[in-house]
Amino acid sequence: MLTEERFQRILQILDDRNAVTVAELSRQLNISESTIRRDLNALAEMGKLNKVFGGATALTRSSGIFETDVANRMNTMGEEKTAIAQYAATLIHDDDFVFIDAGTTTARLIDFIENDKATYVTNGIIHAQKLTHKGFATYIIGGRVKPLTEAVVGAGGIKSIEGMNFTKAFMGTNGIDISAGFTTPDIDEARLKEAAVHNSYMTFVLADHTKFRKVCAVTFAPLRVGCIITDECPDNKYSEITIVKEVKK
């Protein structure tokens, strides 16, 4: 395998997983660990990755204000989202007052909720329908509907949850970064997320591993305020800042 081809394969694997060890790369590419180490050093010098002890991590990716619609996101990382949702559903107890944020992983969460003694508040159009169809006590906040994500956002939405004291909030996010925290592309959506987190006793952020090291335009909360529920965390540094539950490990 030519050097350039190795470099390309390493970066592809890293882009998919966010973090990888020398041993894993050696096994996948069928190349000696000493060669892999030299390649990682070279790629780090080129500014293509972060070299860490025993392997490498991907660089933080900035997506700015770019955002895909619900239909496209609903079918990505399905297995991971299901595992995250199944675990998160077990955290809802009798008499909880729960906020469920708009998003595809949080929508999947509702499929696994069995507690009909809790009360649910959401800013997701689809979420409200699913909760109602299951016979749960459900409230949807008022405000402007954002077509791309089918979420209620804006000043009206924030006003709707003023004075509400949630026991638990289950939030979605577009990006998770050690410095930037939890981020989303839309300012109005970020402010509503911020209000929900502020008004909740406990916050759980549901996100698959592709959201890590990704930074969007607006931060809605620092990492320390939310427990992350994910399939697999690409870097142990996140667990030094907040609680990280890896449901696939």
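Below, all heavy atoms of this structure are taken into account, side chains as well, without hydrogens, waters or symmetry copies.
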Problem - SB check Lys237 Glu240 (cutoff 4.0 Å) - result: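 Judged by the 4.0 Å cut-off on N to carboxylate O distance, Lys237 and Glu240 do not form a salt bridge.
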Hydrogens and angles aside, do [X] and [Y] bring a side-chain donor and acceptor to less than 3.5 Å of each other?
X      : Y      : value
Asp208 : Thr210 : yes
Arg108 : Thr105 : no
Lys81  : Thr104 : yes

Is the number of heavy atoms from other residues, nucleotides or ligands under 6.0 Å of [X] [atom1] greater than 12?
X      : atom1 : value
Lys51  : NZ    : yes
Ile241 : CD1   : yes
Lys134 : NZ    : yes
Glu79  : CD    : no
Tyr201 : OH    : no

Handout entry: Side chains of Ile158 and Arg191 in contact at under 4.5 Å (non-hydrogen atoms)
Key = yes
Exercise for the section: Could you tell me whether the side chain of Thr219 reaches within less than 4.5 Å of the side chain of Phe182, counting heavy atoms only? Expected result: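 In short, these two side chains do not touch, never coming nearer than 4.5 Å.
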Donor-acceptor contact below 3.5 Å, side chain [X] vs main chain [Y]:
X      : Y      : result
Asp96  : Ile92  : no
Thr184 : Thr173 : no
Thr138 : Phe136 : yes
Thr106 : Gly103 : yes
Asn50  : Ala56  : no
Thr242 : Gly226 : yes
Ser160 : Ile141 : no
Thr132 : Ala128 : yes
Lys193 : Gly172 : yes
Glu246 : Cys233 : yes

Handout entry: Trace of the salt bridge (charged side-chain N to carboxylate O under 4.0 Å, His left out) decision for Glu189 with Lys146
Key = CA-CA 9 Å; Glu189 201 156 357; Lys146 180 182 173 185; 2.9 Å; yes
Handout entry: By salt bridge (Lys or Arg N to Asp or Glu O under 4.0 Å) - contacts of Glu4 (at least two apart)
Key = none
Fill in the blank from the handout: For Lys130, the salt bridge (Lys or Arg N to Asp or Glu O under 4.0 Å) test, sequence neighbours excluded, returns Asp111
Problem - Candidate pair Ser34 and Arg37, rule side chain to side chain donor-acceptor pair (under 3.5 Å), full reasoning - result: CA-CA 5 Å; Ser34 59; Arg37 289 191 188 93; 5.8 Å; no
Problem - Residues Asp94, Asn115; criterion side chain to side chain donor-acceptor pair (under 3.5 Å); working and verdict - result: CA-CA 7 Å; Asp94 291 357; Asn115 195 308; 2.9 Å; yes
Problem - Which atom of Val218 lies closest to which atom of Ala190, heavy atoms considered - result: CG1-CB, 3.4 Å
Practice task
Have a look at Phe166 and tell me which of Val98, Thr203, Val121 forms a side chain to side chain contact (heavy atoms under 4.5 Å, CB included) with it.
Solution key: Val121
Practice task
Assess the pair Phe170 and Phe99: is the distance between their ring centroids shorter than 6.0 Å?
Solution key: no
Practice task
Is it possible for you to say whether Ile110 and Tyr139 belong to one hydrophobic cluster, with membership spreading through side-chain heavy-atom contacts below 4.5 Å?
Solution key: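 Different clusters.
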